[in-house]
> 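The structure follows.
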Amino acid sequence: MPFIAEILIPLALDTPYSYVVPAGLDLAAGDVVQVPLGPREIVGVVWGLGDTAGGSNLRPVTGRLPYPPLSDPLRSLVDWIARYTLAPKGSALAMVLRLPDEAAAVETVRVAVRITGKPPARPTAARSKILAVAVDGALRGKSALAKEAGVSLSVVDGLIDDGALEAVAVEPEPVAPRPDPDFPRTPLSPAQAEAVTALVEGFPWRRGPGEETDNRPVLLEGVTGSGKTEVYFEAVAACIREGRQALILMPEIALTAQFLDRFAARFGVRPAAWHSGIGGKRRERLRLAVAEGEALVVVGARSALFLPFARLGLIVVDEEHETAYKQEDGVHYHARDMAVVRGRLEGCPVVLTSATPAIETRVNAARGRYRHVLLPERFGGRRLPDIAAIDMRLDQPERGRFLSPPLVNAVKSTLERGEQALLFLNRRGYAPLTLCRACGHRYQCKNCSTWLVEHRFRRALVCHQCGYTERRPEACTECGTFDNLTACGPGVERIAEEAAALFPDRRIVVLSSDFPGGAERLRQELDAVAAGECDVVIGTQLVAKGHNFPFLTLVGVLDADIGLTSGDPRAAERTFQLLQQVTGRAGRGEKPGRALVQTYQPDHPVIAALLSGDAERFYAEEIQAREAAGLPPFGRLAALIVSASERETAEAHGQALARAADPPDGVMVLGPAEAPLALVRGRYRFRLLVKTERNVDLQAYLRAWIARGPKVRGNVRVAIDVDPQSFL
DNA sequence: GTAGTCCATATG
DNA sequence: ATATGGACTACG
């Protein structure tokens with residue numbers, strides 16, 4: 001009887017494939033192997049072993065590959081995520097198994113050169129230039145030396161052949177230097193120390209045998225500026241003292257030099273950082289360091305969740321309410337929730353931190369599924385900013401202007417004191433609507449039903465839904481009138497224009513996700529602002545995210561009402577979180593801060609809660625409102641939209657969902673004819689499964705989803721916002 | 001993911 | 001009659 005291996009292949013396949021294990025090859029579950037698939041060879045992972053013959057025409061495993069095997073918990077995570085998100089198992093595996101491509105796999109040995117003292121046989125001008133630089137005897141990279149001497153690389157090679165320089169192989173710089181948990185640090189406040197004790201209490205590796213452990217996830221909730229980071233750093237320190245690894249997950253945008261420096265201030269070295277920008281060899285060396293347990297702390301964006309940790313001891317999810325944790329293409333998952341799952345599977349604690357937790361996290365804490373640790377005050381006795389409303393019905397800006405007189409005055413005096421001001425407007429571009437004064441034509445997206453947003457800098461009209469862009473026309477495309485287009489309403493670019501007119505001598509910077517130069521430049525710009533290299537910051541929501549601006553003392557919210565009117569059932573929650581975060585940026589340095597909030601509806605529950613600082617009440621009311629409406633604070637609605645031919649499969653899927661341990665609140669199976677017509681534009685035939693956390697307006701959601709123009713082929717599956725606790 | 005199929009349409 | 005492209009399926 002031949003031995004059979006079940007090999008999972010990182011392609012969109014639901015089940016592992018069976019292969020014969022050739023004699024002499026000793027395989028174990030988790031091993032990374034090479035197998036033939038059709039005409040080619042492909043990498044796979046041993047998912048199971050058996051001696052049951054699964055047919056006589058199985059092909060043999062080609063061999064084992066020299067990669068660390070996938071641990072049991074990691075394989076369970078793949079199984080779990082596939083089942084939960086209804087993604088093919090192979091797709092889930094692909095997230096774990098991003099192996100190096102051919103180019104990256106070739107380990108080029110880095111070579112440095114050093115002077116030997118032996119004079120060159122044939123001294124030339126170029127050669128002596130190099131020797132003049134190298135005379136200090138230091139090690140230099142070949143190209144660095146050539147560049148410094150201002151000659152070509154071949155001259156260096158010539159000198160090596162000659163014997164005047166010697167080449168020395170250098171160890172690559174360590175990819176994950178060891179953080180020192182006992183590095184001298186600034187002392188914690190009593191409140192922080194108390195929180196550390198509460199946090200670390202119950203961690204399984206802190207308890208002796210027989211002692212009780214409490215491995216529930218912990219919500220670490222602290223107001224902006226309370227020093228949550230320093231608190232969880234102590235949990236990280238405790239973890240690495242135990243010789244275990246810690247993972248800190250952050251929204252990609254928050255992964256800045258500033259954060260890495262803060263880490264270095266506590267642990268002596270910067271942590272290993274994992275994000276979409278880290279590529280090639282460095283990526284693979286870090287992965288290996290993680291798999292071998294060498295990398296003790298990894299700070300990373302959501303994909304870091306799938307790194308093959310050898311001894312994971314702690315997962316921290318920073319800013320757990322951030323929507324950036326949601327992955328919405330390929331396998332759909334919420335990294336915060338998957339972190340909870342991985343923690344459970346690895347038997348390690350999970351800490352979720354936020355100043356404005358997501359409703360579902362709050363509910364989980366209130367129901368006792370999560371522990372709740374609170375930091376109610378700012379660090380160092382600093383006060384929370386005073387927040388006041390500016391009623392726009394009373395304090396109107398001039399026509400065509402958007403800053404009210406009280407806000408302008410506040411900015412002026414802030415700048416006069418040499419402090420920094422932030423003007424927050426959650427709208428990119430110059431103006432959200434463009435119309436022709438002659439004929440009244442409004443510029444609309446071809447694909448979506450949204451207005452095109454003018455971007456004056458790019459001289460374009462852009463759809464913020466699908467990215468469709470057209471040149472801003474000189475003459476109206478409808479009636480042909482020249483030079484008669486009007487920009488309606490403000491975007492950050494327009495506010496920058498207004499600010500430049502008001503404060504001509506000040507340094508003004510606009511920060512939005514479409515920052516010219518891309519994410520890397522944006523990150524640098526954020527650091528520059530934090531260093532005080534600018535007076536007025538005009539920013540969209542990205543300035544609210546995990547960045548400290550120590551010189552910032554005034555935050556002006558230009559239009560607090562944006563977002564309150566959208567049909568999104570989370571509008572209130574999102575707006576509250578955003579405004580709370582952005583106003584909380586003020587006064588975190590030496591000087592106290594304040595926030596001024598321009599609004600037309602100061603009595604709206606969200607605005608009122610923000611002004612009174614009563615988050616507690618806001619959450620309670622929000623949860624209550626959902627209960628009153630007959631909705632669970634987080635429930636699930638599953639919908640399957642199918643092509644006629646797949647109806648049967650979908651029905652079965654739906655029934656399976658309804659039979660799940662904690663079934664969705666409803667399952668809908670729709671055929672293409674029943675789906676909203678706008679949805680099934682063209683000849684799409686697809687199966688779409690949507691699981692929503694709440695009872696969202698499914699049609700609106702789907703319309704938006706299609707409007708984004710996804711490449712829809714057969715077998716599309718979407719699952720968003722599900723509550724993993726119910727499956728654990 | 002990729003190679004190969006079928007089928008429809010475009011092209012010479 | 002033959003190329004080109006999209007949709008779909010098999011791959012153990």
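Letters A, B, ... mirror the listed sequences (proteins, then strands); counts begin at 1. Treat the numbers as computed from the prediction; the structure is a model and nothing was measured.
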> How long is the line joining OH of A/Tyr17 and P of C/dT9, in whole Å?
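For the pair A/Tyr17 OH and C/dT9 P, the rounded distance is 13 Å.
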
> Check the distance between C/dC11's P and A/Asp14's CG and give it to me in whole angstrom.
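Nearest whole value for this atom pair: 16 Å.
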
> Rounding to an integer number of Å, can you tell me how far A/Glu6 CD sits from C/dG12 P?
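Nearest whole value for this atom pair: 14 Å.
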
> Report, one line per pair, each donor and acceptor closer than 3.5 Å where one atom sits in a side chain of residues 70-77 of chain A; sequence neighbours left out.
residue, atom, partner, partner atom, Å
A/Ser71, OG, A/Leu74, N, 3.3
A/Asp72, OD1, A/Arg75, NH2, 2.2
A/Arg75, NE, A/Leu70, O, 3.2
A/Ser76, OG, A/Asp72, O, 3.0

> Taking atom types as modelled and ignoring hydrogens, do the side chains of A/Glu319 and A/Ser354 form a donor-acceptor contact shorter than 3.5 angstrom?
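No, no side-chain donor-acceptor pair sits under 3.5 Å.
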
> Can you identify which nucleotide, out of C/dC11, C/dG12, B/dA3, has its nearest atom closest to the A/Leu13 side chain?
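Minimum distance to the A/Leu13 side chain belongs to C/dC11.
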
> Counting the atoms with a prime plus P, OP1 and OP2 as sugar-phosphate, which does A/Pro16 contact under 4.0 Å by heavy atoms, base, sugar-phosphate, or nothing?
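Base contact - A/Pro16 has a heavy atom under 4.0 Å of at least one base atom.
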
> Rounded to the nearest angstrom, tell me the gap between atom CD1 in A/Ile9 and atom P in C/dA10.
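A/Ile9 atom CD1 is separated from C/dA10 atom P by 15 Å.
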
> Mind calculating the distance between CG (A/Leu11) and P (B/dA3) to the nearest angstrom?
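Rounded to whole Å, this separation is 12 Å.
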
> Rounded to the nearest 0.5 Å, how far apart are CD of A/Glu252 and OH of A/Tyr325?
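The distance works out to 10.5 Å.
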
> For the pair A/Arg244 and A/Glu346, find out whether any cationic side-chain nitrogen is under 4.0 Å from an anionic carboxylate oxygen.
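Result for this pair is no, no salt bridge flagged.
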
> Atom CG of A/Leu37 to atom P of C/dA10: distance rounded to whole Å?
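These atoms are roughly 13 Å apart.
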
> Between C/dC11 atom C1' and A/Glu41 atom CD, what is the distance in whole Å?
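Distance, rounded to whole Å: 13 Å.
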
> Rounded off to whole Å, could you give me the CG-to-C1' distance for the A/Leu8 and C/dC11 pair?
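A/Leu8 atom CG is separated from C/dC11 atom C1' by 14 Å.
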
